[in-house]
Amino acid sequence: MGITKGIKQLIAEARDRIQTLTLDEAKAKLNGPNVTFIDIREPHELEADGAIPGAVHAPRGMLEFLADPASPYHKDVFSSGNELILYCASSGRSSLAAATLQDMGLSHVAHIDGGFKAWKQAGLPIEPVAKQK
Ligand SMILES: O=S(=O)([O-])[S-]
């Protein structure tokens, strides 16, 4: 049996029910009160390209475990009540991740259209990320 629903459809369905911020909208929220940017990329992507300043790293593979307060991996930011602005490289994974967090009950979640690549291309602030040991 082959795949009956591909990533294109999964992402389109997610985007129908999540909040997508333009670069300008996201930029306006950077350093804002009660807002946290969440970088869901893999560690090697952050190390290679840097990250949005102040972003919390929460790799998508661990997302549900980091978000759930009942999990030993829980990160406080997910229960802080802050608006959470997710991003990945090109906004595919962040669409799916925002929909998942919404399914888990977090309503104050959005993601950045075009992701980190668009952010970087627009010359918006980036900080280097040290290699993890
Ligand atoms: O998931 S992705 O848009 O970063 S390739």
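Both counts, for ligands and for their atoms, begin at 1 and track the order of listing. Quick note: numbers below take in every heavy atom, side chains included, and nothing from hydrogens, waters or symmetry partners.
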Distance under 4.0 Å to a non-hydrogen atom of [X]: what atoms of ligand 1 satisfy this?
X: Gly92; answer: 1 (O), 2 (S), 3 (O)
X: Ala89; answer: 4 (O)
X: Cys88; answer: 1 (O), 2 (S), 3 (O), 4 (O)

Is it true that [X] and [Y] have a side-chain N and a carboxylate O under 4.0 angstrom from each other?
X: Arg17; Y: Asp103; result: yes
X: Asp24; Y: Lys29; result: no
X: Glu13; Y: Lys5; result: yes

_Gly115 to ligand 1, any heavy atom closer than 4.0 Å_ = no
_Please determine whether the number of non-hydrogen atoms from other residues, nucleotides or ligands lying under 6.0 Å from atom CD1 of Ile126 exceeds 12._
yes
*Report the part of Ser91 (side chain from C-beta onward, or backbone N, CA, C, O) that has a heavy atom under 4.0 Å from ligand 1; answer both or neither where that applies.*
backbone
*asked:* Contact between Leu23 and Ile112 at the side-chain level, heavy atoms closer than 4.5 Å - yes or no?
replied: yes
